[in-house]
Chemist: 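Mind having a look at this structure? Questions to follow.
Here the structure is a predicted model, which means the values were calculated and not measured. Throughout, a chain's letter reflects where its sequence line sits, starting with A, and its residues are numbered from 1.
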Number of protein chains: 2
Amino acid sequence: MKTLAKVLNVSIATISKALRDSHDIGDETKQRVIETARLLHYVPNPYASSLRKRSSNTIAIVIPEIADSFFSQAINGIESIVDQENYHALIYLTHDSYEREAKMFNDLTSGRVDGILMSVASNTKDISHIQNLQQAGIPIVFFDRVCEDVPTAKIKTDDFNSAYVATSHLLDQGCKNISLVTIEGYPSILYARKEGYKKALAERGIKYDEQHEISCSNKYTQENNIAVLKDHIAKVKPDGIIATVEHLATSTYLACEEMKLNIPQDIKVVCFTNQITAAILNPPLTTILQPAYEMGRKAAELLFWHLSGKFIQMEKENIILPSKLVVRDSTRISD
Amino acid sequence: MKTLAKVLNVSIATISKALRDSHDIGDETKQRVIETARLLHYVPNPYASSLRKRSSNTIAIVIPEIADSFFSQAINGIESIVDQENYHALIYLTHDSYEREAKMFNDLTSGRVDGILMSVASNTKDISHIQNLQQAGIPIVFFDRVCEDVPTAKIKTDDFNSAYVATSHLLDQGCKNISLVTIEGYPSILYARKEGYKKALAERGIKYDEQHEISCSNKYTQENNIAVLKDHIAKVKPDGIIATVEHLATSTYLACEEMKLNIPQDIKVVCFTNQITAAILNPPLTTILQPAYEMGRKAAELLFWHLSGKFIQMEKENIILPSKLVVRDSTRISD
DNA sequence: TTAAATTAGGTAAACGTTTAAGCAAATAAA
DNA sequence: TTTATTTGCTTAAACGTTTACCTAATTTAA
């Protein structure tokens, strides 16, 4: 294209410099260049530019799943910054599979992106793929599902505390027998939620019972999860349930309905979810609302601070944004 | 990196060809190259490759909004193909703004992507940005919110028919007075939905009344939408509502609740939405479920067929996948 | 007046691939 | 045996930018 821009008969270097507003070029020439570039619909080739500059103006967003309010809201937050910085965002879905995640990371060492924003897959144990990436000099910021063993910036919400608050709330509402519904895998956030749950129990002198913890599949086979839940409810007869991931809300409600259990009379339910429909469910669902947008935004901000050369000790950044318990009828004592 | 791969003392061309499995290279050398590439963690630089090959292995997904079940499910469908083709997906959110869309398209003429999958912003009228892109030789496939004036492939759902079916269903349930709730803008799909609605009315000899059509903002200010709805309901007193976009479901339910209107007794509601919580709402919501995943998948398939050189008359591809009316309590005659 | 500094722009190399063209040695065809 | 073909590899150009280094002309300082 620049050869075409030689209608101005100046050198190609002049064009480049003029467009990048270099001090080397006179104001008048700059204007002429910019003007004719616009006229000729010239748009620079990003790949040539990236190759030469060794930076891509692109980041990667690596998440387990996209059909999930938390993640889609987080992406909105990320995008608000990416857009402002004139960057581009590649999106990668791991579907919560370690194998896919590792494969993607291998590709990402190529320099395709300048940095990565990620929520790790729930069954990721081995972290060598992440370490390789760091060795390649590519910065990573974790959000929500962080990987504690990797020394880099992390944006979390207060999982421990919010689980504690949720459990205490259920206890306040008279529950004696609370089950914790989680998914398979090793995400540290689920561990934290479990610990918060345990602490609330302990504080009231209730013994933690492994029987009360139940793992659903994270593969989104709703029928299967409903079956598992019904089984559990029949056996343990809980009067309260804490669902630790979003898609378990629907399964839990349907399981209760099929068992003719009334929420909240027979069983009270609280769920970690950002679904906007929570308020119009039957009954309206008490939720732990996570600051998804802000978390995505903050994660992106940190990454760009780092990329812009501002010295940040990435491994020292460990930001915790508060979640909020939103009490609705699913845990309200009905009279 | 290839200079490093010269530990094998062969030429850099040999490396390149060996890795791309060219017939030029002997089997034994190929193996040696592949082996040591793996050993040295060699990953080719995508920007150099893209520059030389003049193709990027990347597509763009341009959509109005991501925190929406339809779009996030569609992305899942797209991703299933993108992944299979070893491509990469850049994501761009227009937030339903024509200005943002046009700006993005200008950037996309650069050759950053090999093709585009898009749902156009609801207030896009001028389509010159899209035409410019086509002139630059970059293929586009529309899905859901198509732009009828652009000659290229389109994946839609049967908006006309499903609105017709939904309206007829409400009429069957005894509604006499049905309002259509839409958003501002000119998306052709909303026009089709309106026409389907009108046809169902006409068939039963009911006169279409403009009063019954109401536009909410598409800027997601829920409080505002609720106010608009309450106002409308108070004035027109509809006994049935068809909400044509997902985020209006919550607004509608809340407006009815605030007005102490019982769904479905006082007013019946059906909504175009893919939200999985529809089944557990209060009451369970009758929905028009769109084949989001399949639409995304099909759109991606078409694009890749085209990219792979299979001759497709893109402008002839006009695929319509059926939506499904899922009847639940929100339109059920209660006894 | 001359030397030094500044301004405005040009030259050419480099970024890391891919690929057309070429070439020697080995093999097949005549 | 000679010629034609095939095999396996090398050379070098090209993709479209950016940028270190040069140069000539102009301005400023001494």
Chemist: On DNA chain C, check which nucleotide each of T14(B) and L51(B) is closest to and give me the residue with the more 5' one.
Modeler: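 Nearest nucleotide further toward 5': that of L51(B).
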Chemist: Mind checking P44(A) for me? I need base, sugar-phosphate or nothing, with any heavy atom below 4.0 Å counting as a touch.
Modeler: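 Sugar-phosphate: the residue P44(A), judged by heavy atoms under 4.0 Å, touches backbone atoms but no base.
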Chemist: Answer with base, sugar-phosphate or nothing: what part of the nucleic acid does T29(A) contact at a heavy-atom distance below 4.0 Å?
Modeler: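 Sugar-phosphate, backbone atoms only, no base.
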Chemist: Taking OP1 and OP2 of dT18(D), is either one under 4.0 Å from a side-chain nitrogen or oxygen of S16(A)?
Modeler: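 Yes, such a contact exists.
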Chemist: If you only use heavy atoms from C-beta on, which nucleotide in dT19(C), dT11(C), dC9(D) is closest to the side chain of S11(A)?
Modeler: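 Side chain of S11(A) sits closest to dT11(C).
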Chemist: Would you say the base of dT10(D) and the side-chain of K17(B) have a donor-acceptor pair closer than 3.5 Å?
Modeler: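 Yes.
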Chemist: When you measure from the side chain of D24(B), which nucleotide among dT11(D), dC9(D), dT18(C) comes out closest?
Modeler: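 The closest nucleotide is dC9(D).
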Chemist: Could you tell me how far apart N57(A) (CG) and dT18(D) (P) are, to the nearest whole angstrom?
Modeler: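 Interatomic distance, CG of N57(A) to P of dT18(D): 11 Å.
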Chemist: Would you mind reading off the distance between I12(A) atom CD1 and dA14(D) atom P, rounded to a whole angstrom?
Modeler: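 Between P of dA14(D) and CD1 of I12(A): 14 Å.
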Chemist: Apply salt bridge (charged side-chain N to carboxylate O under 4.0 Å, His left out) to the pair E301(B) and R297(B), showing each step before the final yes or no.
Modeler: CA-CA 6 Å; E301(B) 272 176 9; R297(B) 201 176 152 91; 3.8 Å; yes
Chemist: Taking only side-chain N and O atoms of S50(B), does any of them lie within less than 4.0 angstrom of OP1 or OP2 on dT17(C)?
Modeler: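 No.
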Chemist: Quick one: which of dT19(D), dC9(D), dT19(C) gets closest to the side chain of R52(B)?
Modeler: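 Out of dT19(D), dC9(D), dT19(C), the nucleotide with an atom closest to R52(B)'s side chain is dT19(C).
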Chemist: So if I take every side-chain heavy atom of I25(A) and compare against dT19(C), dG9(C), dT17(C), which nucleotide ends up nearest?
Modeler: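 Selected nucleotide (nearest to the side chain): dG9(C).
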Chemist: As an exercise, state the distance from CD1 of I61(A) to CD1 of I78(A), rounded to the nearest 0.5 Å.
Modeler: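 If I round to the nearest 0.5 Å, the distance is 4.0 Å.
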Chemist: Salt bridge or not between E35(A) and R38(A)? Use side-chain N to carboxylate O under 4.0 Å.
Modeler: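 Between R38(A) and E35(A) there is a salt bridge, with a charged N closer than 4.0 Å to a carboxylate O.
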Chemist: Can we say E101(B) and R145(B) salt-bridge, meaning some charged N sits less than 4.0 Å from an Asp/Glu carboxylate O?
Modeler: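 Result for this pair is no, no salt bridge flagged.
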Chemist: Measure the distance from CG on L19(A) to P on dG9(C) and round it to the nearest whole Å.
Modeler: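 My rounded result for the distance is 14 Å.
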Chemist: For the pair made of OH in Y47(A) and P in dT18(C), what is the distance, rounded to whole Å?
Modeler: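 The answer, rounded to whole Å, is 15 Å.
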